[in-house]
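First the proteins, then the strands, lettered A, B, ... as listed; each starts at 1.
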Amino acid sequence: MPSGDSEQHISSTLAELQPSQDSASLLKRLAGPSSGKAGLTKDQTDINRIIADASKGSKFYENEKRKDKDLTEKIAKILKERDEVTRAADLQKVEHNVDRLISELESGRDLSQVIVHVDMDAFFANVELLHNPELRGKPFGVGKGVLTTASYEARKFGVRSGMAGFIAKKLCPELILLPIHHTRYSEMSDRVMAVFTRYDPNMCPAGCDEGYLNITDYCVEHNIGPEECVQEMRRAVHEETDLTVSAGIAPNLMLAKICSDKNKPNGQFYLPFESKAIIEFMQDLSIRKIPGIGRVTERLLESIGVQTCGDIFTQRGAISLLDKYFGLRHLLQTYLGIASNIVKPHLREERKSIGAERTFNPLKDRDEILKKLEEVAVELEHDMNEGGWTGRTVTLKYKLDTYQVFTRAKSFDRCLTKKDELFAAGKELLLPELPLNLRLIGLRLTKLKDLRASADPETGIKRFFDTTDGSADSPRKRTRLNQDVLRLNEDDTDTLDCPSPQGGNSVGHTDTHEGGHEGLVSPTVKGHSRSRPPVSAPGLSSTIGIQGIRLTEKPKSTGSAHTQHSSKSELLEHVETPTTCSPGARTEQVCPVCGKSMKVDNQGLNAHIDFCLSRGAIRQAQAEGENGEPAKQSTGSKTKPKSTSNSEGWRWFMKDPGDTNGTKSKR
DNA sequence: GCGGATCAC
DNA sequence: TATGGTGATCCGC
């Protein structure tokens with residue numbers, strides 16, 4: 001019945017909210033976030049149907065249906081506004097103005113940097129394959145309740161990451177499900193990243209299996225072409241790790257990312273560094289391929305006739321008139337294929353929050369709920385200790401058994417560090433809400449304070465952690481050194497966060513976007529016997545904003561990209577890398593911590609700094625930061641029963657799906 | 001500053 | 001037979 005999705009975007013007025021359309025969008029929604037990102041061989045319509053049937057009637061399904069309905073209503077509202085505004089406007093004139101903006105944007109295009117996005121192919125799955133060759137050729141997934149990865153054989157059946165295990169089984173009864181082995185992936189990730197780093201010491205890891213590189217300097221210094229360079233790098237990865245990697249080569253981050261998907265797996269794609277070729281490349285590209293545009297934004301754009309990036313130009317008049325919802329400027333940049341070309345690793349001091357959350361079988365009992373809250377507090381305390389963080393604002397998150405999510409926050413005058421403080425704050429926020437049926441509880445800390453930044457300057461550590469001084473060192477040197485320290489923080493602790501210190505968020509293109517807003521819900525008309533989940537009154541006249549997706553250059557400064565980057569090569573020199581720095585070039589280097597001089601390559605220097613700092617200095621810094629508390633508990637003595645499996649550290653994705661805790665044990 | 005929502009990995 | 005966890009950002013208030 002659902003006649004494919006090709007039809008669903010043709011709608012234009014709210015009068016045509018027929019079941020067929022609702023159904024189509026719902027099916028798509030149920031198919032999950034990554035359904036549109038990768039190509040599948042099996043007919044997606046069949047797959048979506050199977051998924052929907054398997055979900056039917058569940059609370060999860062009902063929640064998705066509700067969100068779908070809300071979105072449909074918002075779209076109707078926007079379309080109505082569009083029609084009104086369009087009637088009152090001189091479209092020709094509007095388009096003319098837009099065209100001038102396009103010219104302006106085009107004139108600022110920077111094609112001078114060679115950016116590469118590298119992306120490991122089915123990372124978890126392929127690592128598992130190395131440990132168990134028997135799996136080759138078979139459909140399998142990694143993850144218990146929810147899959148983190150699916151082998152390519154499994155993908156043919158429509159199995160994807162993020163999919164519930166039992167749904168995946170329906171799509172592919174033969175599917176083999178493997179447990180997650182964090183250490184394996186962590187170790188492999190380190191090895192892979194080490195290779196990338198040889199080509200750009202300033203690379204930006206984006207998760208455990210991805211990264212952005214600027215290979216402009218490398219290519220010049222080695223007198224090698226971009227394609228050849230990437231070929232070589234990918235070969236090196238394969239030789240050293242037995243894993244394959246795909247890559248995209250383009251003038252900016254967004255394009256590179258899109259390109260890395262073009263010849264996946266085990267391939268690369270080079271986009272010519274010419275305006276015309278780039279615009280042509282964008283023309284038929286689905287809007288969904290743009291980083292930052294997810295399912296919701298995709299639907300919003302489709303509703304105004306924008307499915308491909310080329311459609312942005314066609315619909316520029318309407319987009320301009322609806323600027324506040326869609327963000328004209330950013331969409332035009334997307335249409336032109338213009339975005340940021342600045343690659344830099346995430347710095348520790350840029351971190352904004354740290355949190356923990358847990359899902360469990362729905363609980364109503366007050367004491368049992370509080371027990372969960374306490375467990376989460378313990379978890380968070382542990383991670384904060386490990387990372388050297390404390391903070392002033394606590395945000396409680398809870399999800400009802402209906403899958404509706406709420407947050408409650410409170411700021412304090414002082415920083416919270418201890419589990420008891422976190423627990424108390426959480427209780428304060430939760431108890432007033434209480435008679436609830438919960439399936440998830442989480443705590444998050446913001447307004448962070450970096451305990452490792454407040455170490456005694458005498459130790460020489462502060463200099464490398466604290467970049468706010470601004471005067472002592474040159475910015476470049478600072479950046480560079482911080483990067484090293486960053487790696488240390490991960491390697492040193494045995495629980496570390498994900499390889500990219502900042503966490504999961506996308507990339508170096510700071511600033512993903514999205515301002516969708518949604519009235520949310522209001523399942524009950526206000527008043528209905530004091531509906532439990534407090535409200536969401538703003539539901540009424542709400543608007544949907546799409547905005548910023550800024551994968552683009554920073555606000556002003558035409559030449560910012562240039563300036564910024566040119567400083568990068570200076571950076572290298574500044575850090576005692578006198579001669580050309582080929583990946584393995586060993587030169588005389590000085591450890592910034594102990595002052596020792598040695599002949600090593602950059603990697604070797606990093607390793608030494610890691611070693612040097614981890615032995616004591618860090619511990620001392622941390623101890624001093626912790627309110628006089630000695631740097632106790634080197635290894636999780638008591639906390640957390642599962643610290644064994646967790647000591648592998650590194651949870652970039654699921655921490656370790658429930659079960660260990662009393663998820664099941666509780667009646 | 002708070003709460004909702006979207007997105008990426 | 002039971003749909004994850006961490007972090008970021010944006011918008012409206």
Let me know the distance between [atom1] of [X] and [atom2] of [N], rounded to the nearest Å.
{"X": "Lys352(A)", "N": "dA8(B)", "atom1": "NZ", "atom2": "C1'", "answer": "16 Å"}
{"X": "Glu62(A)", "N": "dA2(C)", "atom1": "CD", "atom2": "P", "answer": "18 Å"}
{"X": "Lys399(A)", "N": "dT6(C)", "atom1": "NZ", "atom2": "C1'", "answer": "13 Å"}
{"X": "His182(A)", "N": "dC9(B)", "atom1": "NE2", "atom2": "C1'", "answer": "13 Å"}
{"X": "Met384(A)", "N": "dG7(C)", "atom1": "CE", "atom2": "C1'", "answer": "15 Å"}
{"X": "His117(A)", "N": "dC9(B)", "atom1": "NE2", "atom2": "P", "answer": "7 Å"}
{"X": "Lys144(A)", "N": "dG4(C)", "atom1": "NZ", "atom2": "C1'", "answer": "13 Å"}
{"X": "Leu147(A)", "N": "dG4(C)", "atom1": "CG", "atom2": "P", "answer": "12 Å"}

Return no unless some side-chain N or O of [X] is found under 4.0 Å from OP1 or OP2 of [N].
{"X": "Arg351(A)", "N": "dA8(C)", "answer": "no"}
{"X": "Thr148(A)", "N": "dC9(B)", "answer": "no"}
{"X": "Ser55(A)", "N": "dT3(C)", "answer": "no"}
{"X": "Ser411(A)", "N": "dC2(B)", "answer": "yes"}
{"X": "Lys257(A)", "N": "dC9(B)", "answer": "yes"}

Pairing of [X] and [Y] as salt bridge, 4.0 angstrom limit:
{"X": "Lys69(A)", "Y": "Glu64(A)", "result": "no"}
{"X": "Lys67(A)", "Y": "Glu62(A)", "result": "no"}
{"X": "Asp53(A)", "Y": "Arg49(A)", "result": "yes"}
{"X": "Arg392(A)", "Y": "Asp413(A)", "result": "no"}
{"X": "Lys364(A)", "Y": "Asp401(A)", "result": "no"}
{"X": "Glu433(A)", "Y": "Arg408(A)", "result": "yes"}
{"X": "Arg414(A)", "Y": "Glu421(A)", "result": "yes"}
{"X": "Glu357(A)", "Y": "Lys399(A)", "result": "no"}

Nearest to the side chain of [X] - [options]?
{"X": "Glu357(A)", "options": "dG7(C), dT6(C), dC7(B)", "value": "dT6(C)"}
{"X": "Val296(A)", "options": "dC9(B), dT3(C), dT6(B)", "value": "dT6(B)"}
{"X": "Ala409(A)", "options": "dG3(B), dA8(C), dA8(B)", "value": "dG3(B)"}
{"X": "Thr297(A)", "options": "dT6(B), dG4(B), dG4(C)", "value": "dT6(B)"}
{"X": "Thr407(A)", "options": "dG3(B), dT1(C), dC2(B)", "value": "dG3(B)"}
{"X": "Val146(A)", "options": "dC7(B), dT3(C), dG7(C)", "value": "dT3(C)"}
{"X": "Arg408(A)", "options": "dG4(B), dG4(C), dC9(B)", "value": "dG4(B)"}
{"X": "Ser353(A)", "options": "dC9(B), dC7(B), dA8(C)", "value": "dA8(C)"}

Would you classify [X] as touching base, sugar-phosphate or nothing, given that sugar-phosphate means primed atoms plus P, OP1 and OP2, and contacts are heavy atoms under 4.0 Å?
{"X": "Lys447(A)", "value": "sugar-phosphate"}
{"X": "Arg444(A)", "value": "base"}
{"X": "Tyr61(A)", "value": "nothing"}
{"X": "Lys59(A)", "value": "nothing"}

Subject >> Consecutive Watson-Crick or G-U pairs in runs of at least 3, all under 3.5 Å, in which DNA chain B is involved >> reply: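 So far as stems of 3 or more pairs are concerned, DNA chain B shows B:1-9 with C:5-13.
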
**OP:** Please check if the side chain of Arg439(A) supplies one atom and the backbone of Thr359(A) the other of a donor-acceptor pair under 3.5 Å.
**Re:**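 It does not hold such a pair.
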
Original post:
Taking the nucleotide of DNA chain B with the closest heavy atom to each, which residue, Glu298(A) or Arg392(A), is nearer the 5' end?
Top reply: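 Comparing both residues, the 5'-ward one is Arg392(A).
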
Subject >> 5' precedence on DNA chain B between Arg29(A) and Asp209(A) (nearest-nucleotide basis) >> reply: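 Result of the comparison: Arg29(A).
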
